[in-house]
Amino acid sequence: MPEELTAVEMWTDGACKGNPGIGGWGAWMRSGGHEQELFGGEVLATNNRMELTAVIQGLRALNRRCRVTLHVDSSYVMNGVQRWLPGWKRNGWRTADKKPVKNVELWQELDAEVTRHDIRWVWVKGHSGDPGNERADALANRGVDSVRPTA
């Protein structure tokens, strides 16, 4: 009998003040009656790095295989996972025009996390009133604030 996977809804987002600049990431997840908020930041980051990090950290926080509905507002992450990743792996982490994949270490981490779970990817338009996306955005901004130098 196949194992019954816990259903998790997750929203992730990244933020950057300057690109590159101070970056933050956030993930909000809920399962049953439980919720979890995660956030963090980097002093020097890009939007794409923070979007990837948000998904990686959110999935990494799940301590067993889950059925995840993952909401992202990043076309970069969605296209990367659903379209580009198989070719990159086949080509030794090189793009179609033979250049090294940017953020390769994060893509490799994401690839490892994605294989641990049963994921349904859902793209949401950022800043359009989706409550989960708004909450993930607020967490990403808390991540920025957590590493912002104080005057």
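Qualifying salt bridge (Lys or Arg N to Asp or Glu O under 4.0 Å) partners for Arg142, counting only residues two or more places apart in sequence or in other chains: Glu37. Under the ring pair (Phe, Tyr, Trp, His ring centres under 6.0 Å) criterion, Trp123 pairs with no residue at all, not counting sequence neighbours. The salt bridge (Lys or Arg N to Asp or Glu O under 4.0 Å) search around Glu109 returns Arg60, not counting sequence neighbours.
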Does Val144 form a side chain to side chain contact (heavy atoms under 4.5 Å, CB included) with Phe39? I'd like the steps, not just the answer.
CA-CA 9 Å; Val144 168; Phe39 64 89; over 6 Å; no

Between Val72 and Trp121, does a side chain to side chain contact (heavy atoms under 4.5 Å, CB included) hold up when you go through it step by step?
CA-CA 8 Å; Val72 298; Trp121 293 85; 4.2 Å; yes

Please assess Thr12 against Ile56 for the test side chain to side chain contact (heavy atoms under 4.5 Å, CB included), listing each intermediate value before the final yes or no.
CA-CA 9 Å; Thr12 64; Ile56 292 164; over 6 Å; no

Applying side chain to side chain contact (heavy atoms under 4.5 Å, CB included), run through His71 and Asn133 and close with a yes or a no.
CA-CA 8 Å; His71 306 260; Asn133 180 256; over 6 Å; no

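Gly58 approaches Ala27 most closely through the heavy-atom pair CA-CB, 4.1 Å. Taking all atoms of both residues into account, the shortest heavy-atom contact from His117 to Cys66 is ND1-N, 3.2 Å. Of all the heavy atoms in Gly40 and Ser146, the pair that sits closest is C-OG, 4.3 Å. Of all the heavy atoms in Ala7 and Ser31, the pair that sits closest is O-OG, 2.7 Å. For Asn19 against Cys16, the heavy-atom pair with the smallest separation is OD1-SG, 4.2 Å.
Using modelled atom types, one finds no donor on one side chain facing an acceptor on the other under 3.5 Å when comparing Lys98 with Asn91. Side-chain atoms of Thr46 and Asn48 include no donor-acceptor pair closer than 3.5 Å.
To the nearest 0.5 angstrom, Glu105 atom CD is 4.5 Å from Arg49 atom CZ. Note that the NZ atom of Lys17 and the CG atom of Asn47 stand 9.0 Å from one another [nearest 0.5 Å]. Here the straight-line distance linking atom CE of Met50 with atom CG of Asp13 works out to 11.5 Å at 0.5 Å rounding. Rounding to the nearest 0.5 angstrom, the gap separating the CD1 atom in Ile119 from the CD atom in Gln82 is 10.5 Å. Here CG of Asp130 is found 12.0 Å from NZ of Lys125. Values are rounded to the nearest 0.5 Å. The distance from the CD atom of Glu134 to the CG atom of Asp73 is 9.5 Å, given to the nearest 0.5 Å.
Hydrophobic cluster membership differs between Leu52 and Val147, with clusters built from Ile, Leu, Val, Met, Phe, Trp and Tyr side chains linked at under 4.5 angstrom. Connection of Trp11 to Tyr76 is not established within any shared hydrophobic cluster, with ILVMFWY side chains joined at heavy-atom distances below 4.5 Å, either directly or through further cluster members. Grouping the Ile, Leu, Val, Met, Phe, Trp and Tyr side chains by contacts below 4.5 angstrom, directly or via other members, places Leu70 with Trp107. Note: the hydrophobic cluster containing Trp25 does not contain Trp28 (ILVMFWY, side chain heavy atoms under 4.5 Å, direct or indirect links). Note: the hydrophobic cluster containing Val81 also contains Val104 (ILVMFWY, side chain heavy atoms under 4.5 Å, direct or indirect links).
Its side chain within the 4.5 Å cluster rule, Val124 clusters with Val122 among the Ile, Leu, Val, Met, Phe, Trp and Tyr residues. Annotation for Leu44: hydrophobic cluster partners, listed by chain and number, are none (ILVMFWY side-chain heavy atoms under 4.5 Å, direct or chained).
Listed by first and then second residue, the salt bridge (Lys or Arg N to Asp or Glu O under 4.0 Å) pairs that reach into residues 80-91 are Lys89-Asp111, sequence neighbours excluded.
Using a 30° and 60° split on the angle between ring planes, Trp88 and Trp93 fall in the tilted class, from 30° to 60°.
Of the possible polar contacts, one joining the Arg116 side chain to the Leu62 backbone as a donor-acceptor pair under 3.5 Å is found. With hydrogens and angles disregarded, a donor-acceptor distance shorter than 3.5 Å links the side chain of Asn141 to the backbone of Asp137. Panel note: side chain Thr69, backbone Arg120; no donor-acceptor pair is recorded below 3.5 Å.
Side-chain contact between Leu38 and Leu139 is absent, with no heavy-atom pair separated by less than 4.5 Å.
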